[in-house]
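In what follows, every heavy atom counts, from backbone to side chain, and hydrogens, waters and symmetry copies are set aside.
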Amino acid sequence: MTSIDDTARTGERAFLVPVLVAICTIVAVVSSVGAPLIPTVADTYGVSFTSAQWSLTIAMLTGAVTVPVLGRLGDGPRRRPVVISALVVVLLGCVFAAIPGNFTMLIIGRGLQGVGLGLMPLAMAVARDHLAPHRARSCVAALSVTAVAGIGLGYPLTGVIAHYFGFHACFVLAAAATLIVLVAAILVVPGSGHLQRHPLDIVGAVSLGLGLTLVLLAISSGGEWGWTSVPLVACAAVGVVVIAGWAAHELRSDHPIVQLRLLRNRSVLTADVTGLLAGVGMFVLSSSVIRFVQTPADTGYGLGRSAMIAGLVLVPFSLASVLANKLLPLASGWMPRTLIMPTGALFFVGALVLFLFGRSDLWIVFAAMGVAGLGVGFTFAAMPAFIVSAVPAHETGSALGVNQVTRTVGGAIGSALSATVLAGYTAPGALYPGGDGYSATAVAGIALWIVAGLLALGIPYATRRPSRELVAESVDSTAAGTFSYDIESRSAR
């Protein structure tokens, strides 16, 4: 006979998948809200484009730190309160960013919103632990697609709302949607009291955040401070020292926030450096395109389009990346697997070449972003297979986690680097950079992706073949841009 508790639990499980999908969707949408708004933010608050770029960079920076932190906190009995607390933080970030007239509050809000990037892997972990194996696999795949599709939804939605109601309305709507998802998560997400508790490396988390912040501040402020100025040199030097100290601490720690020991494996190290460079190159292009499309035509080169059009320009990028992920099994059937990632890099180089020589026409910009999406899709979707083949099964989750952190850090660096290059081509007192600035960003992106492609050619595919289920899960989570939780602890359960 079925008890009342069993009936209630069954009812909760029936709503679990929709709630997890809603969590990943709102996180993806909120994280992408700031992307098309950089010129609007600069104009509204009277700040430089370099300063406005931090509305995007700060979310990536926060995500780079909180992805491994939430992954570690959520891999134990505190997963449910961690999910709920993270959603509360995202909600507060939306509220802060919605307050008009305060640029500092906007940056703080965007930073808090970046915490949500760590929720995607936790949603996948909940699915794996509380659903039947076949449902868990299908749910993880759905969450992967939802995460990418949510970004594609966030770009045009942001542009449309900002165009008709002002960009603060975007954050008001995001706050309302996050509140609904938060209530649903409180009612439906199950506890994980049966899991073993793991200590959090607080020193590692704080030092990682501090070091990355200082380095990104130095990169983004070079045009304003001067590349040889004392503040910039001091900021960069201290940041590098802090990151070096963080790395030494992580290598000594029994429970590191990021498993840097895995970088001793040449395949893992090469894949992570490739992911870092690809992340930088990806955001160099996307950040530049956002600004270029909205640059007034009277500058002599800009397209003079609205934030709504800028959001739509990024839609082909998201759709093509999803398509590439779906085409990956077909491509691996007729192409040596060692050529898939270099092929993705080649696609992205082609996109940058289109932007370099054909950006005077809007349709070419659309086409370039579609080609770039194919490049990112092939590169990042194929990366986990190389990593999984190179490490023992119990280290797979940690290895994929390190890779995701490097990619997220690369995105933050790419966002800051784009602003820095364009600032270098902006005349004193001018609001917009010269057209050559966008050529310089394209050339920089081409160089980064060529190096990434050459590195990908050198990644050896190990002879060990992991289980099909593990590879599928790894590909799904990495394609979504998530941090896989520690499989070593999962195996121990």
Side-chain angles (χ1 to χ4, degrees), residues 28 31-32 35-36 38 56 60 147-156 159 274-294 303 305 309-328 331 340-383 407-408 410-415 417-418 421-422 438-453 456 478-481:
S31 66
S32 63
I38 294 170
L56 175 62
M60 298 299 300
V148 180
I151 295 175
L153 173 65
Y155 290 149
T274 302
L276 175 69
L277 294 175
V280 175
M282 179 175 68
F283 273 82
V284 163
L285 174 64
S286 59
S287 298
S288 300
V289 165
I290 291 167
R291 287 182 56 175
F292 176 80
V293 171
Q294 297 179 73
L303 298 181
R305 304 306 175 105
I309 300 299
L312 292 173
V313 165
L314 296 175
V315 172
F317 178 84
S318 295
L319 295 180
S321 64
V322 174
L323 176 62
N325 189 36
K326 299 300 180 183
L327 292 177
L328 183 61
I340 292 178
M341 285 173 57
T343 300
L346 187 61
F347 270 119
F348 211 103
V349 169
L352 286 160
V353 170
L354 279 176
F355 181 68
L356 178 61
F357 294 107
R359 59 179 182 267
S360 58
D361 294 313
L362 183 62
W363 72 269
I364 295 182
V365 177
F366 270 92
M369 294 309 295
V371 175
L374 290 175
V376 166
F378 275 113
T379 302
F380 287 152
M383 199 170 289
R407 287 163 47 188
T408 308
I413 294 174
S415 175
L417 181 61
S418 170
V421 172
L422 293 177
Y438 290 96
S439 298
T441 59
V443 171
I446 289 171
L448 288 165
W449 274 96
I450 287 177
V451 175
T478 303

Over all heavy atoms of both residues, which pair between [X] and [Y] is shortest? Give the atoms and the distance, please.
X: Met282; Y: Phe348; answer: CA-CZ, 3.7 Å
X: Ala372; Y: Ala351; answer: N-CB, 3.5 Å
X: Ala456; Y: Met341; answer: CB-CB, 3.8 Å

For [X], give me all partners under side chain to side chain contact (heavy atoms under 4.5 Å, CB included), at least two apart in sequence or on another chain.
X: Ile446; result: Val349, Leu352, Val353, Leu356, Ile450
X: Ser418; result: Ser287, Ser288, Leu422
X: Ala444; result: none
X: Met60; result: Phe283, Thr408, Ala412

For Ser439, give me all partners under side-chain hydrogen bond (donor to acceptor under 3.5 Å, both in side chains), at least two apart in sequence or on another chain.
Arg359
For Arg305, give me all partners under side-chain hydrogen bond (donor to acceptor under 3.5 Å, both in side chains), at least two apart in sequence or on another chain.
none
Just verifying a value: how many Å separate [X] [atom1] and [Y] [atom2], rounded to the nearest 0.5 Å?
X: Leu285; Y: Leu354; atom1: CG; atom2: CG; answer: 10.5 Å
X: Ile413; Y: Leu276; atom1: CD1; atom2: CG; answer: 5.5 Å
X: Ile309; Y: Ile290; atom1: CD1; atom2: CD1; answer: 14.0 Å
X: Arg291; Y: Ser286; atom1: CZ; atom2: OG; answer: 12.5 Å

Are more than 12 heavy atoms from other residues, nucleotides or ligands located less than 6.0 Å from atom CZ of Phe355?
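Above 12, so yes.
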From CA spacing to verdict: side chain to side chain contact (heavy atoms under 4.5 Å, CB included), Val315, Leu319
CA-CA 6 Å; Val315 172; Leu319 295 180; 3.7 Å; yes
Among Val293, Val371, Val313, Asp361, side-chain contact (heavy atoms from CB on, under 4.5 Å) partner for Phe366
Val313
For Leu303 and Val365, run side chain to side chain contact (heavy atoms under 4.5 Å, CB included): C-alpha distance rounded to whole Å, both residues' side-chain angles, the deciding distance at 0.1 Å, then the answer.
CA-CA 10 Å; Leu303 298 181; Val365 177; 4.3 Å; yes
Non-hydrogen side-chain atoms of Phe378 and Thr343 separated by less than 4.5 Å
no
Side-chain donor or acceptor of Thr379 paired with backbone N/O of Val376 under 3.5 Å
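Checking the backbone N and O of Val376 against the side chain of Thr379, no donor-acceptor pair under 3.5 Å is found.
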Take Phe317 and Val289, measure what side chain to side chain contact (heavy atoms under 4.5 Å, CB included) needs, and give me the verdict at the end.
CA-CA 11 Å; Phe317 178 84; Val289 165; over 6 Å; no
Determine whether Val451 and Thr274 satisfy the following criterion, side chain to side chain contact (heavy atoms under 4.5 Å, CB included), listing intermediate values before the conclusion.
CA-CA 8 Å; Val451 175; Thr274 302; over 6 Å; no
